[in-house]
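To start, the structure under review is shown below, and the notes come after it.
Quick caveat: nothing in here was measured; it's all calculated off a predicted structure.
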Amino acid sequence: MRKMSLDVGTRTIGIAVSDLLGMIANGVETIRRTTEERDYARIGELIKEHEVDTLVVGYPKNMNGTIGERAQACEAMAHKLEEMFPAVKVVLWDERLSTVAAEKVLVDADMRRNKRKKVIDMMAAVVILQNYLDSKSFRQI
């Protein structure tokens, strides 16, 4: 079974999925948010398509560790995902600076600004998931 991460924004949701061994995160897509119903339907399609057993939802805490408006929205989404997909484990994962890390990767890859805007959320989801996967593999050593 695979793990899937969500980088939840107000306009988009970045999606990444692990390989079958749970070692490497790969970007899948960026969902353009339209309606809540369509957003959750697409997430459900991806869960089935990739045989996902764990959803890792980025949890954007403030730099001082407090919970702001965006983090509260992610908590609400995590609860809704638990209700809609009871067979899937849902985890909130601290994602502070994930977008900054994703931006750095894309800049280092010499990607133009207009192309970066199209994939930044998906890359942030990759960073979130890779951090989650690394934390799990480190504990098993």
Side-chain angles (χ1 to χ4, degrees), residues 1-34 36-141:
M1 297 295 276
R2 299 175 198 252
K3 315 301 181 219
M4 184 167 85
S5 68
L6 310 176
D7 178 52
V8 181
T10 55
R11 291 182 278 171
T12 60
I13 302 171
I15 307 286
V17 174
S18 72
D19 63 341
L20 285 171
L21 296 175
M23 296 176 69
I24 300 169
N26 298 294
V28 173
E29 71 180 70
T30 300
I31 298 171
R32 280 273 158 235
R33 297 191 80 170
T34 52
E36 194 173 281
E37 184 178 287
R38 285 186 192 156
D39 297 346
Y40 286 107
R42 182 62 185 142
I43 291 168
E45 290 169 1
L46 292 169
I47 288 170
K48 282 184 184 174
E49 179 182 333
H50 295 283
E51 299 176 342
V52 171
D53 67 352
T54 305
L55 280 174
V56 181
V57 179
Y59 193 41
K61 292 181 181 179
N62 295 324
M63 291 307 290
N64 65 2
T66 60
I67 308 303
E69 189 177 317
R70 288 299 319 139
Q72 289 173 348
C74 290
E75 286 175 354
M77 183 173 210
H79 292 301
K80 177 93 175 190
L81 290 165
E82 287 173 329
E83 291 173 13
M84 292 185 73
F85 309 107
V88 178
K89 178 181 174 182
V90 178
V91 177
L92 286 167
W93 190 258
D94 187 351
E95 67 151 300
R96 283 178 274 190
L97 301 177
S98 63
T99 302
V100 173
E103 181 83 18
K104 182 172 177 9
V105 168
L106 296 173
V107 168
D108 289 348
D110 204 25
M111 185 176 280
R112 292 177 173 266
R113 183 184 311 268
N114 61 342
K115 288 187 179 181
R116 284 195 312 257
K117 288 177 84 172
K118 294 177 183 176
V119 298
I120 190 69
D121 298 314
M122 181 180 63
M123 284 303 300
V126 169
V127 170
I128 292 164
L129 184 55
Q130 192 63 58
N131 288 339
Y132 175 81
L133 296 173
D134 290 348
S135 78
K136 297 301 174 193
S137 65
F138 180 73
R139 289 183 187 159
Q140 294 174 355
I141 295 175

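- Surrounding CD of E45 are more than 12 heavy atoms belonging to other residues, nucleotides or ligands, all under 6.0 Å away.
- We find the CG-CD1 distance between L55 and I43 to be 7.5 Å, quoted to the nearest 0.5 Å.
- R2 contributes a side-chain N or O that, together with a main-chain N or O of H50, makes up a donor-acceptor pair within less than 3.5 Å.
- Considering CE of M122 and CG of L6, their distance stands at 14.0 Å, rounded to 0.5 Å.
- Side chains of L46 and E29 form a contact here, defined as non-hydrogen atoms less than 4.5 Å apart.
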Review item, side-chain donor-acceptor pairs of residues 11-20, under 3.5 Å, at least two apart:
unit_1: T12; atom_1: OG1; unit_2: D121; atom_2: OD2; d: 2.4
unit_1: S18; atom_1: OG; unit_2: K3; atom_2: N; d: 2.9
unit_1: D19; atom_1: OD1; unit_2: G22; atom_2: N; d: 3.0
unit_1: D19; atom_1: OD1; unit_2: M23; atom_2: N; d: 2.7
unit_1: D19; atom_1: OD1; unit_2: I24; atom_2: N; d: 3.1

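- Across A124 and D7, no two heavy atoms sit closer than the pair CB-OD2, 3.5 Å.
- Rounded to the nearest 0.5 angstrom, E36 CD and M77 CE are separated by 7.5 Å.
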In residues 78-92, what donor-acceptor pairs under 3.5 Å come from side-chain atoms, sequence neighbours left out?
unit_1: H79; atom_1: ND1; unit_2: E82; atom_2: OE1; d: 3.4

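- Within a 6.0 Å radius of CD in Q72, more than 12 heavy atoms belonging to other residues, nucleotides or ligands are found.
- Side chain of R33 to main chain of G9: a donor-acceptor pair is present (N/O by atom type, distance under 3.5 Å, no hydrogens or angles).
- Put simply, the side chain of E95 never gets that close to the backbone of I128: no donor and acceptor are under 3.5 Å apart.
- Residues C74 and Y59 approach most closely at CB-CD1, 4.5 Å, considering heavy atoms.
- Here the OG atom belonging to S5 is positioned 11.0 Å from the OH atom belonging to Y132, to the nearest 0.5 angstrom.
- Annotation for R70 and V8: closest pair NH2-O, 3.4 Å, computed over non-hydrogen atoms.
- A pairwise comparison of heavy atoms in R32 and D39 identifies O-OD1, 4.1 Å as the closest pair.
- The distance from the NZ atom of K136 to the CG atom of N131 is 12.5 Å, given to the nearest 0.5 Å.
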